[in-house]
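Here's the structure, in structure tokens; my notes come after.
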Amino acid sequence: MAPKRLKIAAAGLGRMGKRHALNFLNRTPRAELVAAFSPDESEIQWAKQNLEPYGVTLYTDYDQMLQHAGLEAVVIGTATSVHAEEAIKAIEKNLHVLCEKPLSTKVEVCKQVVEAAEKAPHLKVMCGFSRRFDSSYRDAADKIERGLIGRPVVVRSQTCDKHDPSGFFVEYAAWSGGVFVDMTIHDIDLTLWFLGDDVTLKSVSAYGIRAVQPGLAKYNDYDNAVGIVEFWNGKIAYYFCSRMMAHGQEDATEIIGTEGKLSVNANPQINLLNYYHSRGITREVPHDYYGRFEMAFVQESNEFVAAVLDNKPLPMKLTNAVKAVEIGSYLQEALVQEKQIRFDESGKRV
């Protein structure tokens with residue numbers, strides 16, 4: 001008898017949606033991509049060339065796709081504004097869900113997804129924070145768990161994109177939630193992983209500039225920003241996010257403990273090659289986030305499928321996806337309103 005394969009559909013075929021679809025089609029052996037949805041005609045044309053020849057049924061209506069015969073799960077990579085709505089609809093159709101981050105840019109909407117998932121505990125519902133599946137970050141988490149750096153008290157983390165002069169990120173800012181919700185949310189999730197998801201907010205501060213994308217002003221967003229989050233248990237997180245890197249993607253993290261320090265990607269490079277020449281030594285870096293985290297996304301899809309088919313626990317709490325958006329939203333508010341936000345010892349805003 002052939003081994004069981006999870007019948008999954010891909011919602012959204014844009015920048016990240018295409019990658020999810022191809023990962024489940026070609027790089028997740030225990031999954032079978034049976035359907036895909038997009039309301040965009042150009043994305044459907046791409047799917048007719050890259051998905052349909054392999055037996056994937058295409059839909060331009062999300063609700064119709066959910067009715068696909070035998071469907072068991074959905075991976076959601078559509079626009080952030082519809083993540084929560086589509087996740088809840090899938091849950092109500094008794095489907096497992098892997099949703100791109102964030103669940104929503106609004107905390108209350110994120111909570112609605114968690115509530116829907118709690119009503120269906122037999123389903124696996126996961127928000128895809130890809131760095132949780134990166135081998136280097138997992139190694140760091142293992143060393144922290146083993147106490148190799150003592151008590152972790154400081155996280156210094158950054159997400160920095162290569163500069164894109166096309167104007168893409170200006171238009172993207174119209175619905176992204178801002179740089180802290182869109183970019184730093186990954187670093188916030190790492191903080192919850194490394195410092196503990198029980199941390200309680202004490203203060204949030206943020207500062208930003210528009211150095212190369214002045215058009216971001218109409219959306220109250222910035223192309224470079226720094227945020228500082230203080231916790232009541234004597235821990236602190238420092239974040240830097242940027243859309244201005246000339247050389248490529250540079251996502252790096254330091255975890256500083258009472259007995260040592262860990263760094264991830266402190267010297268970014270695309271591979272192990274160094275080019276020695278008359279002007280020095282050259283080491284290339286990834287062009288974008290997928291160049292850095294491609295294998296993490298592949299691992300994510302395979303672990304999600306294994307959790308469903310083998311009824312294993314998911315590697316992260318869905319409630320952490322809410323907390324990450326909450327902290328990101330406070331950072332964005334502090335940035336835009338140019339003020340520090342403080343909290344009492346119970347975490348209530350004061």
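No hydrogens, no waters, no symmetry mates; every other heavy atom, side chains included, goes into these values.
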### Query
Rounded to the nearest 0.5 Å, what separation is found between the NZ atom of Lys101 and the OG atom of Ser130?
8.5 Å
### Query
Strictly by modelled atom types, are Glu86 and Thr78 linked by a side-chain donor-acceptor pair under 3.5 Å?
yes
#### Entry: Identified side-chain hydrogen bond (donor to acceptor under 3.5 Å, both in side chains) counterpart of Arg243 within the set Asp223, Asn224, Asp164, Asp161
Asp161
### Task
For residues Val97 and Lys124, determine if any side-chain heavy atom of one lies less than 4.5 Å from a side-chain heavy atom of the other.
no
### Query
Got Ile149 and Thr258 here, is their nearest side-chain heavy-atom distance under 4.5 Å?
no
### Query
Does Val308 belong to the same Ile/Leu/Val/Met/Phe/Trp/Tyr cluster as Met126, with side-chain heavy atoms less than 4.5 Å apart forming each link?
yes
### Query
Just wondering, do Gln158 and Tyr238 contact through their side chains at under 4.5 Å, heavy atoms?
no
### Query
Do the side chains of Tyr54 and Leu71 join up, straight or via other hydrophobic residues, at under 4.5 Å, putting them in one cluster?
yes
### Query
Centres of the Phe180 and Tyr330 rings: under 6.0 Å?
no
#### Entry: Carboxylate-amine/guanidinium proximity below 4.0 Å for Arg138 and Glu303
yes
### Query
Any salt bridge between Arg131 and Asp251, counting N to O under 4.0 Å?
yes
#### Entry: Cys127 versus Leu318, closest heavy-atom pair with distance
N-CD1, 4.0 Å
### Query
Are side-chain heavy atoms of Glu300 and His20 found at a separation under 4.5 Å?
yes
### Task
Go through the side-chain N and O atoms of Ser157 and Asp187 and say whether any donor and acceptor fall under 3.5 Å apart.
yes
### Task
Using a cut-off of 6.0 Å, state whether more than 12 heavy atoms not belonging to Glu145 lie near its atom CD.
no
### Asp197/Lys323 ion pair, N-O < 4.0 Å
no
### Query
Taking all atoms of both residues into account, what is the closest heavy-atom pair of Ala73 and Leu6, and its distance?
CB-CD2, 3.9 Å
### Message
Quick check: Phe293 with Tyr289 (ring centres under 6.0 Å apart)?
### Response
no
#### Entry: Arg146 CZ to Leu148 CG distance, which is reported to the nearest 0.5 Å
4.5 Å
### Task
Specify the closest pair of heavy atoms between Val74 and Ala11, including all atoms of both residues, with the distance to one decimal.
CG1-CB, 4.2 Å
### Message
Please determine whether side chain to side chain contact (heavy atoms under 4.5 Å, CB included) holds for the pair Glu52 and Thr57, giving the CA-CA distance in whole Å, both sets of side-chain angles, and the decisive distance to 0.1 Å.
### Response
CA-CA 6 Å; Glu52 196 172 50; Thr57 304; over 6 Å; no
### Message
So for atom NZ, which belongs to Lys312, do other residues, nucleotides or ligands contribute more than 12 heavy atoms lying within a distance under 6.0 Å?
### Response
no
### Query
Does the distance from a Lys or Arg side-chain N to an Asp or Glu carboxylate O, for Asp63 and Lys89, drop under 4.0 Å?
yes
### Message
Taking the cut-offs as 6.0 angstrom to the six-membered ring centre and 45 degrees off its axis, would you call Arg283 and Tyr275 a cation-pi pair?
### Response
no
### Modelled atom types, side-chain donor and acceptor of His122 and Asn311, under 3.5 Å
no
#### Entry: Value rounded to 0.5 Å, distance of CG in Leu13 from OG in Ser38
5.0 Å
#### Entry: Electrostatic pair Lys111:Glu108 at N-O distance under 4.0 angstrom
yes
### Query
Say you draw a straight line from NZ of Lys93 to CG of Leu123; how long is it, rounded to the nearest 0.5 Å?
13.5 Å
### Ion pair check, Glu115 and Lys119, cut-off under 4.0 Å
no
### Task
Begin with the C-alpha distance, continue with both residues' side-chain angles, and end with the deciding distance and a verdict on side chain to side chain contact (heavy atoms under 4.5 Å, CB included) for Phe194 and Leu262.
CA-CA 11 Å; Phe194 298 145; Leu262 299 168; over 6 Å; no
### Query
Ring centroid separation for Phe133 and Phe297, is it under 6.0 angstrom?
no
### Summary
The reported gap from OH in Tyr239 to SG in Cys241 (rounded to nearest 0.5 angstrom) is 11.0 Å
### Task
For atom CZ of Arg156, decide whether the heavy atoms of other residues, nucleotides or ligands shown that lie under 6.0 angstrom number more than 12.
no
### Query
Any luck finding a side-chain donor-acceptor pair between Asp182 and Tyr172 under 3.5 Å?
yes
#### Entry: Met316 with Ile144, same ILVMFWY side-chain cluster at under 4.5 Å
no
### Query
Do Phe24 and Val305 come within less than 4.5 Å of each other through their side chains, counting heavy atoms only?
yes
#### Entry: Heavy-atom side-chain contact between Val113 and Ile88 under 4.5 Å
yes
### Least distance between heavy atoms, Ser136 atom then Arg292 atom
CB-NH2, 4.4 Å
### Query
Yes or no on side chain to side chain contact (heavy atoms under 4.5 Å, CB included) for Leu195 and Val153, after CA distance, side-chain angles and deciding distance?
CA-CA 7 Å; Leu195 298 186; Val153 292; 5.9 Å; no
### Flag if over 12 foreign heavy atoms under 6.0 Å of OH, Tyr207
no
### Message
Regarding Arg349 and Glu333, does a basic nitrogen lie under 4.0 Å from an acidic carboxylate oxygen?
### Response
yes
### Message
If hydrophobic clusters are built by linking Ile, Leu, Val, Met, Phe, Trp and Tyr wherever their side-chain heavy atoms come under 4.5 Å apart, do Leu335 and Met244 end up in the same one?
### Response
no
### Query
In Å and rounded to the nearest 0.5 Å, what is the NZ to CG distance from Lys348 to Leu201?
15.0 Å
### Query
Does the pair His83 and Glu100 meet the rule for a side chain to side chain contact (heavy atoms under 4.5 Å, CB included), with working shown?
CA-CA 8 Å; His83 281 181; Glu100 256 300 320; 3.8 Å; yes
### Glu284 CD: over 12 foreign heavy atoms closer than 6.0 Å
no
#### Entry: Heavy-atom closest contact (Lys48 atom, Pro53 atom, distance)
O-CD, 3.2 Å
### Task
Compare every heavy atom of Gly227 with every heavy atom of Leu331, then report the nearest pair and how far apart it is.
CD2-CA, 3.8 Å
### Query
With the threshold set at 4.0 Å, does a side-chain nitrogen-carboxylate oxygen contact exist between Asp288 and Arg15?
no
### Query
Is any side-chain heavy atom of His96 less than 4.5 Å from a side-chain heavy atom of Val125?
no
### Query
So if you build clusters from Ile, Leu, Val, Met, Phe, Trp, Tyr with side-chain heavy-atom gaps below 4.5 Å, do Val325 and Val114 land together?
yes
#### Entry: Stepwise salt bridge (charged side-chain N to carboxylate O under 4.0 Å, His left out) test for Arg27 and Glu294
CA-CA 11 Å; Arg27 307 170 85 175; Glu294 178 178 358; 2.8 Å; yes
### Query
So, do Gln340 and Arg342 sit near enough that their side-chain heavy atoms are less than 4.5 Å apart?
yes
### Message
Before you tell me yes or no, could you show the steps for Glu41 and Gln45 under side-chain hydrogen bond (donor to acceptor under 3.5 Å, both in side chains), namely the whole-Å CA-CA distance, both residues' side-chain angles and the distance that decides it to 0.1 Å?
### Response
CA-CA 6 Å; Glu41 178 58 29; Gln45 290 303 314; 2.6 Å; yes
### Donor on one side chain, acceptor on other, Thr282 and His277, under 3.5 Å
yes
### Sole residue of Gln213, Gln332, Arg210 in side-chain contact (heavy atoms from CB on, under 4.5 Å) with Asp221
Gln332
### Lys/Arg N to Asp/Glu carboxylate O, Lys7 vs Glu72, below 4.0 Å
no
